[in-house]
A.B. asks: 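Okay, here's the structure, questions in a sec.
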Amino acid sequence: MQETYDPAAVERAAQQYWQERRAFEVDESAARPKYYCLSMLPYPSGRLHMGHVRNYTIGDVLARYLRMQGYNVLQPMGWDAFGLPAENAAISNGVPPAQWTRQNIAHMRAQLKSLGFAIDWRRELATCDPQFYRWNQWLFLRMREQGLAYRRSGIVNWDPVDQTVLANEQVIDGRGWRTGAPVEKREIPMYYLAITRYAEELLRSLDGMPDWPERVRVMQANWIGRSEGCDIAFPYAPDTVRATGADGALRVFTTRPDTLFGVTFMAVAAEHPVALAAAQHDAALAAFIEECRRGSVTEAEAAIQEKQGMPTRLHVLHPFTGAPLEIWVANYVLMTYGEGAVMGVPAHDERDFEFAVRNALPVVTVVRSATGAYDEVRQPWIAAYADYGVTVNSREFSGLAFQQAVDAIAAALEKKGLGRKRVQYRLRDWGVSRQRYWGCPIPIIHCATCGEVPVPEEQLPVLLPEDLVPDGSGNPLAKSPAFYECRCPKCGQPARRETDTMDTFVDSSWYFMRYACPDAPAMVDERVGYWLPVDQYIGGIEHAILHLLYARFWTKVMRDFGMIGFDEPFTRLLTQGMVLNDIYSYQAEAGRKRYFNPADVDTRRGPDGTAVHEVTTPELGTVRVTHEGLGKMSKSSGNGVDPQGLVERLGADTARLFVMFASPPEQTLVWSDEGVQGAARFIRKLWNAVYAHVAAGTAPALEPRRLDAAQRQLRRLAHQTLAKATDDIGRRRNFNTAIAAIMELLNSIGRFSDTSPAARAVRHEALGIAIRVLAPITPHVCHALWQALGHSTALIDERWPAPDPAALEQDMQSLVVQVNGKLRGHISVPPGASESACTQVALADSHVQKFIAGKPVRRVIFVPGKLVNVVV
RNA sequence: GCGAAAGUGGCGGAACUGGCAGACGCGCUGGACUUAGGAUCCAGUGGGGAAACCCGUGAGAGUUCGAGUCUCUCCUUUCGCACCA
């Protein structure tokens, strides 16, 4: 054993050992129970960042811990290899995306390996591999056969910078999620997956997923957004039919059919067909519609902007009273929800109220407050107006409570053929077409005679050409005749291949199944039945809605196709927090703000005691920079820490220990170079402790019965620590407190100066426990130290130790003594001492007596093993 | 605006089931060793107080023998959704 800890040598040796033994290659033949531990696959951006290190370290600690607990653990890794950054890199460097992506993968794979993750690399996959994405195409066609994938023209979110369509989920505050550019609306044909058919099940199943964070389930439930209500058809008035040739009725969805008699106007979205028809003969209205459609502002701004609208002079008739109701075009009605039209009930809907007041429309009260908050609705608006109550002023439907009114009105509407109860979801079908090159081709051929024709199964995969270089304008596939020119599979005439590619969320919706059977000649095989569902999934909270909802949907589709036998892909979910670091900036008088890495900032105390931050550069000299607080590590804030440099300087174990110790996995982690030094210091101390122990010669066998009190105490601490760490890691997933407990144990071992043979046996056992508990976290150094302790078997094949109940037994127990709830002393009693015995000892304590001070004892609270509280 | 979570030393955080607040680490202070220290080791480190003690978990109330933990009101922060009829 080396006297000083050399992380590079230790890590090289351990990794080599694991690789030679193929230690992490697993199959389905093991007699042990399986455990599938999965971390979200990375996008191959070029370099590993600290968020990756945190994510994969958490996964690796769990995988290694469960392996030690006797599970057959699968931990795979792959690459989310399609996507925009590769195209952007191609535009700036002229390198084909395929080449850029594969180089990045090679580099990042090496970085991951240097961190010593227990990954079965035989199963590695990249989503840009045709043997992977061919199954996207295959399942897409099967979904198309079932009507689950379809093409329609729709209003889509258009990112003017990336020149592509964005899913609703990719629009954040009205801006593109990648570019931050304000999103425009465009109408183009594209493919959709009918996720809304699964809305109900996707929502319901959330209740049966107790091992997902509450927060994620709530976010998904809100996203699906189920509302119960009623479809109502308002027949067009005869003059409107004459004027526009409209046929039938204006349909709306409402959750408040009980307020139907309070309708005083109708409101439709600017894109609604009725609005467009009315605008044909009304220039002012056409201008208003154009203004709404441009929607210059973000959605967040739109939500608080004034309710504006214009009348169309078109009318519908109330389904029961036959009264004419004017149709307005209103900027607060969304074309994409419900029917794109609402019934205006100013008395009982805040938005309608605001609109009616602004446009001098009548307000008719049709619900009387059940709580007596109001009789008649008038300005200003109060929240109680929207509460459920008893109907009034509603003809034969008056005097009914909410649910009765809904039932009666829905039944009456249904009789007339003018409406029925319905459930409406906020969730919309998933638009998967992307006008991009670097993605999975959609396997469709467009033929002038036959229309839309699926690529025959034997012609799959539709290969993406890998030699194109995008130039920044539009989709290179659409400019590549070699790709799009083809023959119609049906009639053999020249035809055009679809040049849109699939959203990359398609790839990540099922990649975790392919890991189970990476070489299968089908999409999945029976090995998926062995490994899936994933027992533990680990990834960023930013995927709480998109990726996780799509993967759940895709899983249910494959289940319904009979391909797999489970309903949900991920049994347990852990969402790790972001990695934050200080942000420092320098703003020259003229010019752009510059950011500096915290590692380059010198901090000292100024004359008034406040911190002064300075940076020295050749061009600026020494300048004062501003501390802007904490922010996520990012290129734009210049506050990233390169994992590779850290591993080279201090070792993978130090990096792993720090990220696991600094905070619990779900919380944000604040980077601290001093904290990293502390982690390195701890590993050195552990190394030195083992070295000193080993240097003193072989320890004798432990004889638990022949220990003195101090020896028994250290042994008890070792086993208590083991019990706590097992609970912290296995049940609570609080790795930081498990590490803290081991630090305490090591501190106690350090203070324990007894060099007798019995003491050395105790120390040997305690160090062995510490090393095995730390093995999942700092596997390399523990591998070396385990050998140094004289074990002939490798640590990677060790089982997790169990605490010895005999070691945990206490000679005496310490109880807290309180007087009137305040801490006044400690007493020592035999374990299991009776209440009266403990009370007697407590009352005898002189310090306790001082506070009782002769006052009569009214009551004594006794909590066995914990405390005695004397109430006087 | 709606929904969720969270506010604890100089900092990251601990206190899991209502029972010793501040474990562990960082930083800081003093000391030892040293040619030197951004190395290592030892001691100290919530505030007030000479001490006895007192005070202390965003603010205020409440329940309880006992509250960081439970209840209510308010404040602040973060995250998610954002005119969803």
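Throughout, protein chains are lettered first and strands after them, A, B, ... in sequence-line order, and every chain is numbered starting at 1.
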A.B. asks: What is the separation between atom OH on A/Y337 and atom P on B/C81, rounded to the nearest whole Å?
C.D. replies: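 One finds 17 Å between P of B/C81 and OH of A/Y337, rounded.
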A.B. asks: Hey, is the main chain of A/T196 close enough, under 3.5 Å, to the side chain of A/D429 for a donor-acceptor pair?
C.D. replies: yes
A.B. asks: In whole Å, what separates the P atom of B/U57 from that of B/C11?
C.D. replies: 16 Å
A.B. asks: Looking at A/E228, is its backbone amide N or carbonyl O close enough to the side chain of A/Q424 to form a donor-acceptor pair, meaning the two atoms are under 3.5 Å apart?
C.D. replies: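 Looks like no, no N/O pair under 3.5 Å.
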A.B. asks: For nucleotides B/G37 and B/G31, find the distance between their C1' atoms and express it as a whole number of Å.
C.D. replies: 16 Å
A.B. asks: Scan every strand shown for a Watson-Crick or G-U wobble partner of B/G7, both distances under 3.5 Å, and answer none if you come up empty.
C.D. replies: B/C75
A.B. asks: Write down the partner of B/G44 under the Watson-Crick or G-U wobble criteria, each distance required to be under 3.5 Å.
C.D. replies: B/C28
A.B. asks: If we call it a pair only when both distances are under 3.5 Å in a Watson-Crick or G-U wobble match, what pairs with B/U57?
C.D. replies: none
A.B. asks: Would a distance-only check, ignoring hydrogens and angles, find a side-chain to backbone donor-acceptor pair under 3.5 Å from A/D845 to A/H847?
C.D. replies: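 The answer is yes, because a donor-acceptor pair under 3.5 Å joins these two groups.
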A.B. asks: Write down the distance between CG (A/L774) and P (B/G25), rounded to a whole number of angstrom.
C.D. replies: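 Rounded to the whole Å, the gap is 13 Å.
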A.B. asks: If you assign A/Q677 and A/F851 each to the RNA chain B nucleotide with the nearest heavy atom, which residue ends up on the more 5' nucleotide?
C.D. replies: A/Q677
A.B. asks: Quick check: closest heavy atoms across A/L646 and A/M50, and the distance to 0.1 Å?
C.D. replies: CD2-CE, 4.1 Å
A.B. asks: With syn defined as a glycosidic torsion within 90 degrees of 0 and anti otherwise, which applies to B/G13?
C.D. replies: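 For B/G13, whose glycosidic angle is more than 90° from 0, the conformation is anti.
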A.B. asks: Counting side-chain heavy atoms from C-beta on, which of B/A82, B/C24, B/C41 comes nearest to A/R426?
C.D. replies: B/A82
A.B. asks: With a 4.0 Å cut-off on heavy atoms, is A/T336 in touch with a base, just the backbone sugar-phosphate, or nothing at all?
C.D. replies: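 It contacts nothing in the nucleic acid.
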A.B. asks: Please report the closest heavy-atom contact between A/L823 and A/V816, naming both atoms and the distance.
C.D. replies: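 Result for this residue pair: CD1-CG1, 3.3 Å.
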A.B. asks: For B/G46 versus B/G10, give the span between their C1' atoms, rounded off to a whole number of Å.
C.D. replies: 11 Å
A.B. asks: Output the single nucleotide from B/C65, B/G27, B/A15 whose closest atom is nearest the side chain of A/V871.
C.D. replies: B/C65
A.B. asks: Between B/U17 atom P and A/D727 atom CG, what is the distance in whole Å?
C.D. replies: 11 Å
A.B. asks: Do any side-chain nitrogens or oxygens of A/R858 fall under 4.0 Å of OP1 or OP2 in B/C65?
C.D. replies: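 It does not, given that no N or O in the side chain of A/R858 lies less than 4.0 Å from OP1 or OP2 of B/C65.
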A.B. asks: Under a 3.5 Å limit for both distances, which nucleotide forms a Watson-Crick or G-U wobble pair with B/C70, could you say?
C.D. replies: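 Base-paired to B/G62.
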A.B. asks: Quick one: the side chain of A/R732 and the base of B/C16, do they pair up donor-acceptor inside 3.5 Å?
C.D. replies: yes
A.B. asks: Ignoring the backbone of A/V816, work out which of B/C65, B/C20, B/C54 is nearest its side chain.
C.D. replies: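 Side chain of A/V816 sits closest to B/C20.
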A.B. asks: Do the side chain of A/Q667 and the base of B/G13 come within less than 3.5 angstrom through a donor-acceptor pair of N or O atoms?
C.D. replies: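 Answer is no: no donor-acceptor pair is held.
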A.B. asks: Looking for any heavy atom pair under 4.0 Å, which part of the strands does A/R217 touch: base, sugar-phosphate only, or nothing?
C.D. replies: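 The answer is nothing, as A/R217 stays clear of every strand by at least 4.0 Å.
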A.B. asks: Which of these nucleotides, B/G13, B/A85, B/G3, is closest to any side-chain atom of A/V342?
C.D. replies: B/A85
A.B. asks: When the nearest nucleotide of RNA chain B is assigned to A/K850 and to A/A662 on a heavy-atom basis, which residue is associated with the more 5' position?
C.D. replies: A/A662
A.B. asks: Of the listed nucleotides (B/G19, B/C24, B/A14), which one gets closest to any side-chain atom of A/K866?
C.D. replies: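 For the A/K866 side chain, the nearest candidate turns out to be B/G19.
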A.B. asks: Are the ring centres of A/Y584 and A/H627 closer than 6.0 Å?
C.D. replies: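 Yes, ring centres under 6.0 Å apart.
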A.B. asks: Checking all strands, does A/V333 fall into the base, sugar-phosphate, or nothing category for heavy-atom contacts under 4.0 angstrom?
C.D. replies: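 If one applies the 4.0 Å heavy-atom cut-off, A/V333 turns out to touch a base.
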A.B. asks: When the P atoms of B/G56 and B/G68 are compared, how many Å lie between them, rounded to an integer?
C.D. replies: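 B/G68 and B/G56 have their P atoms separated by 10 Å.
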A.B. asks: Is B/G38 paired to anything, Watson-Crick or G-U wobble with both distances less than 3.5 Å, and if yes, which nucleotide?
C.D. replies: none
A.B. asks: Under 6.0 Å from the six-membered ring centre of A/F851 and within 45° of its axis: does the NZ or CZ of A/R824 meet both?
C.D. replies: yes
A.B. asks: What's the gap between B/A14 and B/U63 when it is taken at their P atoms, as a whole Å value?
C.D. replies: 31 Å
A.B. asks: Considering just the side-chain nitrogens and oxygens of A/K822, establish if one lies under 4.0 Å of OP1 or OP2 belonging to B/G56.
C.D. replies: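 No, because none of the side-chain N or O atoms of A/K822 sits under 4.0 Å from OP1 or OP2 of B/G56.
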A.B. asks: Using whole Å, what does the distance between atom P of nucleotide B/C26 and atom CG of A/L630 come to?
C.D. replies: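 The answer, rounded to whole Å, is 19 Å.
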A.B. asks: With rounding to whole Å, what would you report as the distance between B/A67 and B/G58 at their P atoms?
C.D. replies: 15 Å
A.B. asks: Provide, to the nearest angstrom, the distance between the CZ atom belonging to A/R733 and the C1' atom belonging to B/C16.
C.D. replies: 15 Å
A.B. asks: How many Å lie between CG on A/L260 and C1' on B/A85, as a whole number?
C.D. replies: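 A/L260 atom CG is separated from B/A85 atom C1' by 14 Å.
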A.B. asks: With heavy atoms under 4.0 Å as the rule, sort A/S814 into base, sugar-phosphate or nothing.
C.D. replies: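 Result for A/S814 = nothing.
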A.B. asks: Rounding to an integer number of Å, can you tell me how far A/D352 CG sits from B/C83 P?
C.D. replies: 15 Å
A.B. asks: At under 4.0 Å between heavy atoms, what does A/G678 touch on the DNA or RNA strands: base, sugar-phosphate, or nothing?
C.D. replies: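 Touches sugar-phosphate only.
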A.B. asks: Determine the interatomic distance between C1' on B/U8 and the same-named atom on B/C24; round to the nearest Å.
C.D. replies: 16 Å
A.B. asks: Choosing from B/G3, B/A82, B/C20, which nucleotide comes nearest the side chain of A/L823?
C.D. replies: B/C20
A.B. asks: Could you check which of B/G27, B/C24, B/G12 has an atom nearest any side-chain atom of A/R681?
C.D. replies: B/G27
A.B. asks: How many whole angstroms separate atom CD of A/E744 from atom P of B/C24?
C.D. replies: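 Atom CD in A/E744 sits about 5 Å away from atom P in B/C24.
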A.B. asks: Mind checking who B/C2 pairs with, Watson-Crick or G-U wobble, both distances under 3.5 Å?
C.D. replies: B/G80
A.B. asks: Remember a base hit wins even if backbone is also touched, and classify A/H847 as base, sugar-phosphate or nothing at under 4.0 Å, heavy atoms.
C.D. replies: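 Result for A/H847 = sugar-phosphate.
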A.B. asks: Under 4.0 Å between a side-chain N/O of A/H272 and OP1 or OP2 of B/A85, yes or no?
C.D. replies: no
A.B. asks: Of the options B/C26, B/G13, B/C83, whose atoms approach the side-chain atoms of A/E674 most closely?
C.D. replies: B/C26
A.B. asks: A/F253 vs A/Y337 aromatic rings, parallel, tilted or perpendicular, using cut-offs 30° and 60°?
C.D. replies: perpendicular
A.B. asks: In Watson-Crick or G-U wobble terms, both distances under 3.5 Å, what is the partner of B/C20?
C.D. replies: none
A.B. asks: Roughly how far apart, to the nearest Å, are B/A21 and B/G13 at atom C1'?
C.D. replies: 13 Å
A.B. asks: Which nucleotide wins on minimum distance to the side chain of A/N222, given the candidates B/G3, B/A85, B/G19?
C.D. replies: B/G3
A.B. asks: B/C65 phosphate, OP1 or OP2: any side-chain N/O from A/R859 under 4.0 angstrom?
C.D. replies: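 For B/C65, OP1/OP2 do have a side-chain N/O of A/R859 under 4.0 Å.
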A.B. asks: Please report whether the ring centroid of A/F355 lies less than 6.0 Å from that of A/F265.
C.D. replies: yes
A.B. asks: Any N or O donor-acceptor pair linking the side chain of A/K307 to the base of B/C83 at under 3.5 Å?
C.D. replies: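 Check passes, donor-acceptor contact within cut-off.
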A.B. asks: Give the intermediate values and the outcome of salt bridge (charged side-chain N to carboxylate O under 4.0 Å, His left out) for residues A/E339 and A/R422.
C.D. replies: CA-CA 12 Å; A/E339 305 291 339; A/R422 184 162 73 86; 3.5 Å; yes
A.B. asks: Taking only side-chain nitrogens and oxygens of A/S672, does any of them come within less than 4.0 Å of OP1 or OP2 of B/C11?
C.D. replies: no
A.B. asks: Using the side-chain heavy atoms of A/R684, tell me which of these nucleotides is nearest: B/C54, B/A39, B/C84.
C.D. replies: B/A39
